[in-house]
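Reminder, nothing fancy here: chain letters follow the sequence lines and each chain counts from 1. These values consider heavy atoms only, across backbone and side chains, with no hydrogens, waters or symmetry-generated copies.
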Protein chains: 2
Amino acid sequence: MEKKKLKTMTLDQMKDKHIGKVGTEKRDKYEFDLQLEILGETIKSVRKERNLTQEQLGSLIGVQKSQISKLERNTKNVTIETILKVFKALKTNVKLSVQMNEFDFEIA
Amino acid sequence: MEKKKLKTMTLDQMKDKHIGKVGTEKRDKYEFDLQLEILGETIKSVRKERNLTQEQLGSLIGVQKSQISKLERNTKNVTIETILKVFKALKTNVKLSVQMNEFDFEIA
DNA sequence: TAAAAAGTTGATATATATGGAAACTTTTCG
DNA sequence: CGAAAAGTTTCCATATATATCAACTTTTTA
């Protein structure tokens with residue numbers, strides 16, 4: 001997690017992406033039904049917002065860029081551990097909400 | 001998914017668990033940071049609320065009760081596919097929300 | 001309190017998620 | 001356009017998640 005030379009993202013770089021709103025004001029939030037397909041897209045879009053290449057994200061986690069590519073295009077299923085690892089590296093919080101539909105549950 | 005003899009959960013059974021509130025009024029919702037430990041507990045608590053045994057839940061999915069036990073006590077990591085399968089059987093909706101912390105992202 | 005039901009654990013087999021390496025394609029930019 | 005950077009894909013190895021079965025422990029209930 002700790003690196004020697006830190007290059008903090010400049011405000012100008014930020015302005016390019018988030019016009020007007022600054023700092024704590026603007027907080028991007030993605031919410032969606034848990035699906036494999038969407039998850040990959042989300043990783044990609046968060047990574048983009050962090051202005052990272054697949055290679056950079058990979059090195060934060062300790063994997064090759066090809067691995068990131070695979071996760072983003074999810075050709076495969078994913079484990080929770082991987083999800084946590086990726087979003088932690090992206091300094092992004094992940095919440096899971098579980099909502100029971102109705103009381104009409106029935107058993108055989 | 002389709003079974004011959006359906007035994008719908010009676011309202012009385014429900015009242016035991018959800019005092020006062022009836023039907024669509026009361027909807028249980030669990031929300032938590034995505035963590036392995038909590039997830040297992042959640043499966044268990046939703047299953048209990050559905051008044052199912054591990055064996056019954058297992059048969060809905062097509063696995064043995066021992067497998068459900070392991071998921072609930074999660075001795076292991078879990079894949080998204082498994083999460084989806086379990087909660088679908090429990091007629092429970094699963095949402096994932098992803099929130100970016102700040103703009104203070106830094107790269108080496 | 002004994003039997004039945006529910007849940008746990010360990011051994012084991014199999015499927016598949018993770019990951020690297022390298023070649024390849026696509027995008028970016030001088 | 002042509003080179004560099006970024007992203008993708010294929011082949012492959014390895015770790016591990018899924019799952020069963022059977023024996024065991026714990027809980028429930030008649």
Side-chain angles (χ1 to χ4, degrees), chain A residues 7 9 12-13 16-17 34-90 94 96 105-108, chain B residues 1 5 7 9-10 12-13 16-17 34-90 94 96 105 107-108:
Chain A
K7 190 184 85 184
M9 193 172 272
D12 285 82
Q13 280 178 296
D16 287 3
K17 306 180 85 352
L34 188 51
Q35 291 171 56
L36 256 354
E37 315 85 60
I38 299 173
L39 186 64
E41 290 169 28
T42 305
I43 293 173
K44 180 171 184 173
S45 99
V46 173
R47 174 177 63 80
K48 291 278 190 190
E49 220 146 347
R50 257 55 163 110
N51 266 108
L52 294 173
T53 64
Q54 291 182 340
E55 193 157 37
Q56 288 173 318
L57 175 55
S59 76
L60 286 175
I61 301 172
V63 301
Q64 300 293 107
K65 59 181 182 173
S66 61
Q67 183 60 14
I68 303 296
S69 174
K70 283 167 191 168
L71 293 174
E72 288 183 357
R73 325 202 85 239
N74 40 26
T75 44
K76 305 237 174 186
N77 192 7
V78 190
T79 65
I80 290 207
E81 232 165 57
T82 301
I83 297 172
L84 290 172
K85 204 186 335 182
V86 169
F87 284 110
K88 186 177 178 184
L90 290 168
V94 187
L96 194 74
F105 199 87
E106 42 200 36
I107 55 171
Chain B
M1 285 296 172
K5 277 174 72 181
K7 190 183 87 185
M9 192 173 272
T10 68
D12 286 83
Q13 279 178 299
D16 287 4
K17 305 178 80 12
L34 187 53
Q35 290 172 57
L36 257 352
E37 315 85 58
I38 299 173
L39 186 63
E41 291 168 29
T42 305
I43 294 174
K44 180 171 184 174
S45 98
V46 174
R47 174 177 62 81
K48 291 276 190 191
E49 222 146 344
R50 257 54 164 109
N51 267 109
L52 295 174
T53 65
Q54 291 182 342
E55 193 157 36
Q56 288 173 320
L57 175 55
S59 76
L60 286 174
I61 300 171
V63 300
Q64 299 294 109
K65 60 181 182 172
S66 60
Q67 183 59 15
I68 303 296
S69 173
K70 281 166 189 168
L71 292 174
E72 288 182 358
R73 325 202 85 238
N74 40 28
T75 43
K76 304 235 173 186
N77 193 6
V78 190
T79 65
I80 289 206
E81 233 165 54
T82 300
I83 297 172
L84 290 173
K85 202 188 334 183
V86 170
F87 284 110
K88 186 178 179 185
L90 291 169
V94 188
L96 194 74
F105 199 87
I107 55 173

A:Q67 CD - C:dA17 P separation (whole Å): 12 Å
Non-hydrogen side-chain atoms of A:V86 and A:V46 separated by less than 4.5 Å: no
Sequence neighbours excluded - salt bridge (charged side-chain N to carboxylate O under 4.0 Å, His left out) pairs with any residue from residues 67-80 of chain A: A:R47-A:E72
Check whether any side-chain heavy atom of A:L96 lies under 4.5 Å from a side-chain heavy atom of A:L34, and answer yes or no. yes
Check whether any side-chain N or O of A:K48 sits under 4.0 Å from OP1 or OP2 of D:dG7, and answer yes or no. yes
d(CD, B:E55; P, D:dT27) in whole Å: 18 Å
With distance as the sole criterion, is a donor-acceptor pair present between the side chains of B:T79 and B:T82 under 3.5 Å? yes
Distance, rounded to the nearest Å, where A:K44 contributes NZ and D:dG7 contributes C1': 8 Å
Of B:E81 and B:I68, the one whose nearest nucleotide on DNA chain C sits closer to the 5' end is B:I68
Is the phosphate of C:dG7, meaning OP1 or OP2, less than 4.0 Å from a side-chain N or O of B:R47? yes
Whether the side chain of B:T42 engages the backbone of B:I38 through a donor-acceptor N/O pair (distance < 3.5 Å, no angle test) should be reported. yes
Could you check if a side-chain atom of A:L52 sits within less than 4.5 angstrom of a side-chain atom of A:L60, using non-hydrogen atoms only? yes
From CD of A:Q64 over to P of C:dA23, roughly how many Å is that when rounded to an integer? 14 Å
So what does A:S69 hit on the nucleic acid, given a heavy-atom distance under 4.0 Å: a base, only sugar-phosphate, or nothing? base
Supply the atom-to-atom distance A:Q56 CD to A:N51 CG, rounded to the nearest 0.5 angstrom. 8.5 Å
Mark yes or no for a side-chain to base donor-acceptor pair under 3.5 Å between A:K70 and C:dG20, with no hydrogen or angle criteria applied. yes
By nearest-heavy-atom nucleotide on DNA chain C, the more 5' of A:L71 and B:T53 is B:T53
Set out, in order, the CA-CA distance, both residues' side-chain angles and the distance that settles side-chain contact (heavy atoms from CB on, under 4.5 Å) for A:E81 and A:L84, then state yes or no. CA-CA 5 Å; A:E81 232 165 57; A:L84 290 172; 5.6 Å; no
Tell me what A:G62 touches on the nucleic acid: a base, only sugar-phosphate, or nothing, going by heavy atoms under 4.0 Å. sugar-phosphate
Between A:S66 and C:dA21, is there a contact of a side-chain N or O with OP1 or OP2 at under 4.0 Å? no
Specify the separation, in whole Å, of atom NZ of B:K76 and atom C1' of C:dA11. 11 Å
Does a side-chain N or O from A:N77 land closer than 4.0 Å to OP1 or OP2 of C:dT16, or not? no
Can a side chain N or O of A:R73 be found less than 4.0 Å away from OP1 or OP2 on D:dG7? no
By the 4.0 Å heavy-atom rule, please label A:T82 as base, sugar-phosphate, or nothing. sugar-phosphate
What is the separation between atom NZ on B:K65 and atom C1' on D:dA23, rounded to the nearest whole Å? 11 Å
B:N51 CG to C:dG7 P: how many Å, rounded? 11 Å
If an axis is fit to five pairs at each end of the helix from C:dT1-D:dA30 to C:dG30-D:dC1, what is the angle between the two, to the nearest 10°? 50°
Separation of atom CD in A:Q54 from atom P in C:dG19, rounded to whole Å: 15 Å
